[in-house]
Enquirer: 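Sharing a structure here in structure tokens format.
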Amino acid sequence: MSPKVLVTGASGLLGRAIMRIFREAGWETVGLAYSRVGPGLVKCDLTKPEEVKSLIEKEKPEFIVHAAAERAPDAVENRYDEVCKLNVNASGQLAALAKSVGARMIYVSTDYVFDGTSPPYKSTDPTNPLNKYGITKLEGEKAVVAANPRACILRIPILYGKVETIDESAVTCLLKLVKSPEEKQVSHYERRYPCLVDDIARILRDLVLQIMKDDSITGIFQWSGKQRLTKYDMAVAMAHAFSLKHNIKPDPNPVPGAQRPFDAELDRSRLENLGISHHMDFETAIKECLSEWV
């Protein structure tokens with residue numbers, strides 16, 4: 001089975017992994033990007049409906065994986081109305097276009113749709129985002145389903161992978177603190193379940209294959225990493241992975257800025273019941289991802 005897939009946000013951290021994993025599977029994969037258009041990608045402004053419509057009708061994909069979003073919580077707090085054009089409006093429009101050309105759509109969402117007070121969260125549990133980023137992603141989910149009831153949603157946690165800049169991921173940027181000779185405080189409060197983008201890309205690949213086998217598959221799926229780590233835990237794991245001496249100290253306070261959920265662990269059972277599961281140990285994966293930065 002070799003579907004034609006269109007991937008939005010293809011130049012981003014997750015998008016690059018999706019493009020690589022899908023193409024390694026031998027799939028015809030069209031990647032859309034806007035601010036960082038590289039070789040093999042198509043430039044497209046998802047907030048311009050006619051531009052997107054023309055491209056979708058030209059390409060006629062069988063699947064659309066919508067990974068494009070403004071994902072920085074603090075940025076969304078300051079640019080909420082602008083971000084809604086991408087995270088909400090464009091998502092609903094893309095879902096409608098997918099339906100119009102007979103493509104199945106998978107919308108990538110976030111664990112931030114939950115408030116972090118009652119983990120682990122099942123896909124059917126009540127949502128209650130604490131920050132505007134979570135609100136835009138939840139509204140995006142609603143817009144997608146309203147336009148295309150057969151769409152699938154994949155909620156995921158904080159991501160890391162091979163980065164183009166050390167600040168590209170909220171995980172990899174911790175390396176700068178680890179390497180600093182000065183004492184640095186790192187939050188030891190919020191519990192996170194970091195995922196390697198390659199694992200998420202493989203989960204998406206396997207979900208596409210399952211949908212191709214069973215067209216009745218719809219609704220919300222979720223994936224969390226299998227290790228519970230605070231940002232301090234992640235930093236310590238980095239130091240251990242590279243045998244680095246460090247001067248980081250645990251900060252018992254929440255991460256500053258937009259409020260984050262304390263523990264938004266996602267229940268993985270719906271994917272696992274389909275035989276879908278990918279998780280690389282954090283210390284092993286982070287060493288592979290950051291080796292060129294140490």
Side-chain angles (χ1 to χ4, degrees), residues 1 3 5-9 12-15 17-18 21-22 25 27 61-69 71 87 91-92 94-95 98-99 103-114 116 118-129 134 136-159 161 192-227 261 263-280:
M1 293 186 287
V5 187
L6 185 143
V7 178
T8 71
L13 182 63
L14 176 59
I18 296 171
I21 296 298
F22 284 16
W27 297 358
E62 296 167 76
F63 284 84
I64 296 175
V65 176
H66 183 30
R71 58 176 178 77
N87 287 11
S91 299
L94 194 60
K99 183 179 179 181
R104 294 299 305 272
M105 179 164 165
I106 303 175
Y107 170 78
V108 179
S109 190
T110 175
D111 56 352
Y112 277 22
V113 300
F114 296 111
S118 304
Y121 289 94
K122 295 185 179 298
S123 60
T124 53
D125 285 342
T127 52
N128 184 32
T136 66
K137 293 301 290 181
L138 179 59
E139 290 303 310
E141 289 186 11
K142 294 176 181 177
V144 165
V145 173
N148 187 345
R150 298 183 69 244
C152 291
I153 292 162
L154 176 65
R155 293 173 178 158
I156 57 176
I158 190 170
L159 300 176
R192 311 302 296 273
Y193 299 82
C195 277
L196 179 67
V197 288
D198 295 56
D199 287 336
I200 298 300
R202 292 184 180 102
I203 285 167
L204 285 162
R205 176 199 62 195
D206 292 354
L207 183 56
V208 167
L209 290 171
Q210 288 293 332
I211 294 170
M212 291 177 71
K213 293 176 184 176
D214 181 358
D215 193 54
S216 68
I217 292 174
T218 61
I220 300 172
F221 294 86
Q222 301 184 147
W223 190 259
S224 271
K226 296 183 179 181
Q227 293 165 275
D263 186 340
E265 181 182 8
L266 299 172
D267 174 79
R268 302 181 296 267
S269 60
R270 193 169 180 218
L271 283 168
E272 290 172 334
N273 289 339
L274 290 175
I276 299 174
S277 177
H278 295 279
H279 173 79
M280 185 179 289

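Hydrogens, waters and symmetry mates are skipped; everything else that's a heavy atom, side chains included, is used.
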Enquirer: So how far is it from Leu274 CG to Ile217 CD1, rounded to the nearest 0.5 Å?
Expert: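 Reported value, rounded in 0.5 Å steps: 5.0 Å.
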Enquirer: Indicate the atoms forming the closest heavy-atom contact of Ser224 with Cys195, along with that distance.
Expert: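 Result for this residue pair: C-SG, 3.8 Å.
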Enquirer: Using every non-hydrogen atom in the two residues, find where Gly225 and Pro157 come nearest and quote the distance to one decimal.
Expert: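 Here Gly225 and Pro157 meet closest at N-CG, 4.1 Å.
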Enquirer: Examine the side chains of Lys226 and Ser277 and answer whether a donor and an acceptor come within less than 3.5 Å of each other.
Expert: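 A donor-acceptor contact under 3.5 Å links the two side chains.
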Enquirer: Val145 and side-chain contact (heavy atoms from CB on, under 4.5 Å): which single residue from Ile220, Ile153, Thr218 fits?
Expert: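 Of all the options given, the one that passes is Ile153.
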Enquirer: Give me the atom names and distance for the closest heavy-atom approach of Ser91 to Val144.
Expert: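 Result for this residue pair: O-CG2, 3.6 Å.
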Enquirer: Between Val108 and Leu14, which heavy-atom pair has the shortest distance, and what is it?
Expert: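 That closest heavy-atom pairing would be CG1-CD2, 4.0 Å.
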Enquirer: Is the shortest side-chain heavy-atom distance between Arg270 and Trp223 below 4.5 Å?
Expert: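 No, side chains not in contact.
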Enquirer: Can you spot which of Tyr112, Phe114, Tyr193 makes a ring-ring contact (aromatic ring centres under 6.0 Å, His included) with Tyr121?
Expert: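 The passing option is Phe114.
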Enquirer: Could you give the distance from CZ (Arg104) to SG (Cys152), rounded to the nearest 0.5 Å?
Expert: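 Going from CZ on Arg104 over to SG on Cys152, the span is 5.0 Å.
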Enquirer: Are any of the side-chain heavy atoms of Arg205 and Val208 separated by less than 4.5 Å?
Expert: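 No, every pair of side-chain atoms sits at 4.5 Å or beyond.
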Enquirer: Do the side chains of Ile200 and Leu154 get nearer than 4.5 Å, heavy atoms only?
Expert: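 Result yes, sub-4.5 Å side-chain heavy-atom pair found.
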Enquirer: Could you tell me whether a side-chain N or O of Asp111 sits under 3.5 Å from a main-chain N or O of Leu266, the two making a donor and an acceptor?
Expert: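 Not a single qualifying donor-acceptor pair exists.
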Enquirer: Rounded to the nearest 0.5 Å, what separates atom OH in Tyr107 from atom OG1 in Thr8?
Expert: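 Here the rounded value is 10.0 Å.
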Enquirer: Are Arg155 and Glu141 packed together at the side-chain level, in the sense that at least one heavy-atom pair is separated by less than 4.5 angstrom?
Expert: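 They are in contact (side-chain heavy atoms under 4.5 Å apart), so the answer is yes.
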Enquirer: Rounded to the nearest 0.5 Å, what separation is found between the CG atom of Leu6 and the CE atom of Met105?
Expert: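 The distance works out to 10.0 Å.
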